[in-house]
Amino acid sequence: MKAHAVSSSSEEHRSPIRLARPKGPCSVTPFRHAPTASAKVSLDGICLNYKVNGGRHLLALDDINLQVQPGEFLCIVGPSGCGKSTLLHLIAGLQRSTSGTVKVDGKLVEGPGTDRILIFQELGLFPWLTVGQNVEFGMKMKGISKTERREKIRYYLRLVHLSQFEDSYTHQLSGGMRQRVALARALATEPDVLLMDEPFAALDAQTRDLLHDELERIWAETGRTIIFVTHNVREAVRLGGRVALFTFRPGRVKREFKIDLPRPRQLEDSSVARCAREILDDLREEINKSLEEEYGDGR
Amino acid sequence: MATAASLTMPSAAYGSAFLKRFLRKAIFYAVVIGLWALLAQLKVWPSYVFPTPRGVMGALWAGFADHSFWIAIRVSMRRMLLGYSLSVILGMILGLSIASNKFVEETLGGLLVSLQSLPSICWLPLAVLWFGLTEKAILFVVVMGSLLSVTIAMETGRKQMPKIYGMAGRNLGARGFPLFWHVLLPASLPYLISGLKQGWAFAWRSLISGEMIFVSLGLGQLLMMGRDLNDMSQVIAVMVLIIALGYAVDGLIFCNLERQLQRRWGLEQAS
Ligand SMILES: Nc1ncnc2c1ncn2[C@@H]1O[C@H](COP(=O)(O)OP(=O)(O)O)[C@@H](O)[C@H]1O
Ligand SMILES: [Mg+2]
């Protein structure tokens, strides 16, 4: 439903004039929601300093201000090492910021909570549990009754097309299947906010396309708020309603892009490619900076 | 045809390998017992110093027939289960607190490592003074014998375990005891299992030495009874029994557990 609403409104923007640039579907803006009480997730002045060996510090995140609306699909792009994973860990409550606040529904985040579930970059599936038991885990911790758990395991495994694998162990599955188990495990706890850390980076193209479609569908069906981290701009444009571009070390929000393309989208859509190119120009600058920092001393 | 051949081949090969290994072992033991019988036949030493295989078999038979062996096994095993469970629980608590607290690691951790050089039977005099010549004294020695192995295994297991599991558990709403029971413990089990095994072996040794010191009904006491009666056949029979029991627990329980862990975790190496 939601997807259609977006597409119909963007239909008006999609006039032939779109080619004449600035107001393409991919409007480049200092796009910023006012920090209203209605924001689902609100990050205010987040700074994070890592202690590295000796007394040195590494400023990983510098004054991050982001508001995420309920039901929004926000993608965060940035070069590797710009603090994307760190930011998701902060929102998940697994880590504390040096300064600034994370709020969910206006309430300060002080630790992990099942209202926001993170799908880790390295998944973190439990190898001693079967696929079904992995999906069950969060519900069990929440104290949901056994019959309800059984029902939901079946429902969410069907959702990610893994019904026949309920009793398999995770090492018996392929990478894409494992990814879907992680997705089902996160969805089964029914969080308001889904945090995803480069979930499809290690997959082959076909599996990734399939999971993009599934994720878009699930998002449209459930209306969850999703914060999706990736280093792939095209993927971000393919999925997101908004894309936040991060700078390299220290991580800052460099720019935000509103993506008004109709859904469902495809990675190969020319409109997606055009949008991505626009963002990529900005990103390239940051990637060059990161490369300079890694290899630049020798030159 | 090709598929049928490839399906039957591995299991047949596996079966014959197993048979070969079994045969090799059987031949080895037959030769050992044969040599032993031969030596005993030569009567170089008197039979109360060097018993015959037949005498030992007889002693084993008699022991089981008059129930004294059964009783001893029951008593010893009960002590093992009690003492070992205690030391596993204590060891896990200790190991976890050492792994998660720098201060405890530096103080208690250091002390425990230095205690490792103390043979567990050295705790017996202290235990007897504290608890008297009682069951509790023996249990104490058993616990002290295996506690260190379990503690150190738990500590290293907790440290070697990938951090992602703990984070994933907390992320999904686990904390406190459920986090330990459902995540930290199973995640560290592959690193823990060898320590648990070692702990069992140490507990077994501590128990037998403890039981030899005073009248206590266990296998250790049977051993000492054999000595008191000058009955070498019984001494050897009880020794065989102690070896067999230790071997059985190791082979049946721990190896099974290990194999199951490997299968579940997907650590099984392709053979
Ligand atoms: N535990 C840590 N201690 C010190 N530095 C860290 C730690 N974790 C991450 N970093 C550093 O912080 C920066 C951001 O890391 P991360 O959030 O993982 O980046 P990304 O996910 O965008 O690749 C990197 O430069 C990394 O080296
Ligand atoms: Mg990362």
Side-chain angles (χ1 to χ4, degrees), chain A residues 85-86 88-95 109-131 133-144 149 167-174 178 181-182 184-191 193-197, chain B residues 88 92 95-96 99-100 102 153-154 156-197 253-271:
Chain A
S85 297
T86 306
L88 287 194
H89 280 70
L90 285 176
I91 300 173
L94 294 168
Q95 212 173 328
V109 165
E110 294 186 279
T114 42
D115 54 339
R116 52 225 128 80
I117 296 294
L118 169 62
I119 301 179
F120 294 87
Q121 196 165 358
E122 51 286 64
L123 298 187
L125 294 176
F126 300 134
W128 58 91
L129 298 180
T130 62
V131 167
Q133 289 165 337
N134 263 287
V135 174
E136 184 181 23
F137 188 89
M139 297 189 276
K140 205 163 151 185
M141 294 299 120
K142 264 171 104 175
I144 290 172
R149 289 198 316 246
D167 297 321
S168 305
Y169 286 96
T170 53
H171 63 89
Q172 297 167 323
L173 306 182
S174 72
R178 250 176 262 169
V181 176
R185 181 173 80 169
L187 288 172
T189 42
E190 312 203 319
V193 183
L194 197 57
L195 309 165
M196 305 178 75
D197 195 354
Chain B
V88 165
M92 281 183 176
L96 272 182
S100 54
K102 200 97 203 148
M154 188 72 219
T156 49
R158 178 74 183 82
K159 281 183 178 163
Q160 284 172 357
M161 175 196 105
K163 290 218 171 19
I164 181 77
Y165 296 132
M167 286 205 290
R170 289 198 296 140
N171 179 43
L172 290 165
R175 63 175 71 172
F177 184 73
L179 182 68
F180 166 75
W181 186 251
H182 293 292
V183 180
L184 300 183
L185 183 61
S188 51
L189 214 49
Y191 309 94
L192 194 61
I193 184 79
S194 62
L196 289 178
K197 210 163 128 176
I253 297 178
F254 282 102
C255 285
N256 239 332
L257 199 66
E258 234 168 352
R259 212 168 318 122
Q260 208 158 350
L261 269 182
Q262 282 178 346
R263 203 175 46 232
R264 275 218 191 176
W265 263 248
L267 301 171
E268 216 166 25
Q269 59 278 62
S271 52

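Residue numbers start from 1 in every chain, and the chains themselves are labelled A, B, ... in the order their sequence lines are given, proteins ahead of strands. Source: prediction; values computed, not measured.
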Closest heavy-atom pair and its distance - [X], [Y]:
| X | Y | value |
| --- | --- | --- |
| Thr114(A) | Gly173(B) | CG2-CA, 4.0 Å |
| Ala168(B) | Gly124(A) | CB-O, 3.6 Å |
| Met141(A) | Pro178(B) | SD-CB, 4.0 Å |
| Phe137(A) | His182(B) | CE1-CB, 3.8 Å |

Applying a heavy-atom distance below 4.5 Å, give me the residues of residues 158-167 of chain B that approach chain A, sorted by number.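 So the qualifying residues are Ile164(B), Tyr165(B), Met167(B).
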
Residue part contacting chain B, namely of Leu129(A), when any heavy atom lies under 4.5 Å: neither

Any chance you could measure Lys140(A), atom NZ, to Leu172(B), atom CG, to the nearest 0.5 Å?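 Here the interatomic distance stands at 12.5 Å.
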
Between Arg185(A), Met139(A), Gln172(A), Lys142(A), who has the most heavy-atom pairs with chain B when the cutoff is under 4.5 Å? Arg185(A)

